[in-house]
Amino acid sequence: MAVPTSFLHELVGSMSQGAAGNPTVAMIEAAFRHHGLHWRYVNMEVEPAKLGDAVKGAKAMGFRGFNCSLPHKVTVIPHLDGLGESAAVMGAVNCVVRRGDQFIGENTDGKGFLRSLQSVIDPREKNVVLFGAGGASRALAVELGLAGVNQITIVNRSPERGGELVKILTGKLKLDARLEIWQGDYAIPAGTDVVINGTSIGLYDGEARLPLVVDSLQPGMVVADVIFSPPMTRLLRDAQSHGCKILDGLGMIVNQGVIGVQYWTGIEPDSAVMRRAVEEALGLSA
Ligand code: NDP
């Protein structure tokens, strides 16, 4: 027999270690309030050694799902009942969704980016240059591959990480992907449709310079940055002044939250409400 609990609300959560993801809490709770949902999103610090117990506990207590951040994105996988397509390819989960009695791991980082990108360009058959090969780059490269891009060039400083990502793209997705080792200023090849900064260059430093030949940015290219604070990075300012369409990292954060809320609740939340909540939480609102 199910034991009655004192929970009045549906629950989703976030399992993290260290600093809590306040912009995420703010935007998800804002969506629940705006749509009159009696749900709560709670942040819990979970030690790596206790992750399995925490997942079992969330299931036992009827949680509808949770987000997980570093260092749990990979180690959570053995504790789940299954994986969505892109999470299985990239081997990392940031969003767990209860489907029936099962906890299924998804990755919404790349999906959030893809949704932003699709608001300005159809990525199918496009040529992409992606700076970086860390967790964020991996998530969005896999999602771009699944969305049918023509070709991805990964530009990365360390050959090991860059090579691992190219291996996933060419091996698991049979994609035309290549690695350029990043030395000095990289010139974007002619014929590139989409340029993405997936590195941490620019985080909390609006003057930080991504080593690239700025004049190789051509009008009509789409230039996107994963950096969300400040959202208007030096790369995006340079791209705008060269006639490119630009996408900031706030769109990616907001869209991964939108997709999480959709997965958990089944409703399509108002993304403008969520973006305002993130901007307030990051101190970006006027
Ligand atoms: P990782 O630490 O996994 O990867 C960092 C990447 O940046 C690596 O490819 C690294 O290259 C590269 N890099 C860092 N510094 C330099 C430098 N000085 N020169 C050249 N390359 C550099 O981080 P994540 O992938 O998890 O995160 C990257 C950024 O994305 C962070 O700023 C994070 O805040 C942001 N992010 C944004 C999200 C959003 O929703 N907008 C979601 C997730 C992340 P190398 O391999 O050579 O070390």
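Both counts, for ligands and for their atoms, begin at 1 and track the order of listing. Because the structure is a prediction, the values reported are computed rather than measured.
With rounding to the nearest 0.5 Å, the separation of CD1 in I253 from CD in E279 is 10.5 Å.
If you look at N156 next to ligand 1, the close heavy atoms, those under 4.0 Å, all belong to the side chain. Under 4.0 Å from ligand 1, the heavy atoms of W182 that appear belong solely to its side chain. Contacts between M252 and ligand 1 below 4.0 angstrom, taking non-hydrogen atoms only, involve backbone and side chain alike. Counting heavy atoms closer than 4.0 Å to ligand 1, residue I253 contributes atoms from both its backbone and its side chain. With a 4.0 Å cut-off on non-hydrogen atoms, L70 does not touch ligand 1 at all.
Heavy-atom contacts from other residues, nucleotides or ligands closer than 6.0 Å to NZ of K245 number 12 or fewer. Summarising the local packing, CD of Q118 is surrounded by more than 12 heavy atoms from other residues, nucleotides or ligands at distances under 6.0 Å.
Looking from atom 33 (C) of ligand 1 to the surrounding protein, the closest heavy atom is F228 CE2, 4.6 Å. Nearest protein neighbour of atom 26 (O) of ligand 1, counting heavy atoms only, is A136 N, 3.8 Å. Protein heavy atom closest to atom 17 (C) of ligand 1, with residue, atom name and distance, is R157 NH1, 3.2 Å. Here the heavy atom of the protein found nearest to atom 37 (C) of ligand 1 is V226 O, 3.2 Å. Here the protein heavy atom with the shortest distance to atom 29 (C) of ligand 1 is T199 O, 3.6 Å. Of the protein's non-hydrogen atoms, the one nearest atom 14 (C) of ligand 1 is S200 OG, 3.4 Å. Here the protein heavy atom with the shortest distance to atom 23 (O) of ligand 1 is G135 N, 4.5 Å.
Ligand 1 is approached by A133 to a heavy-atom distance shorter than 4.0 Å. Distances from ligand 1 to the non-hydrogen atoms of G198 include at least one value under 4.0 Å.
Residues E143 and S86 have side chains that bring a donor and an acceptor to within less than 3.5 angstrom of each other.
Relative orientation of the Y204 and F228 rings is perpendicular, given thresholds of 30° and 60° on the angle between their planes. Classification of the W264-Y41 ring pair by plane angle, with boundaries at 30° and 60°, yields tilted.
For F103 and F66, the gap between ring centers is short of 6.0 Å.
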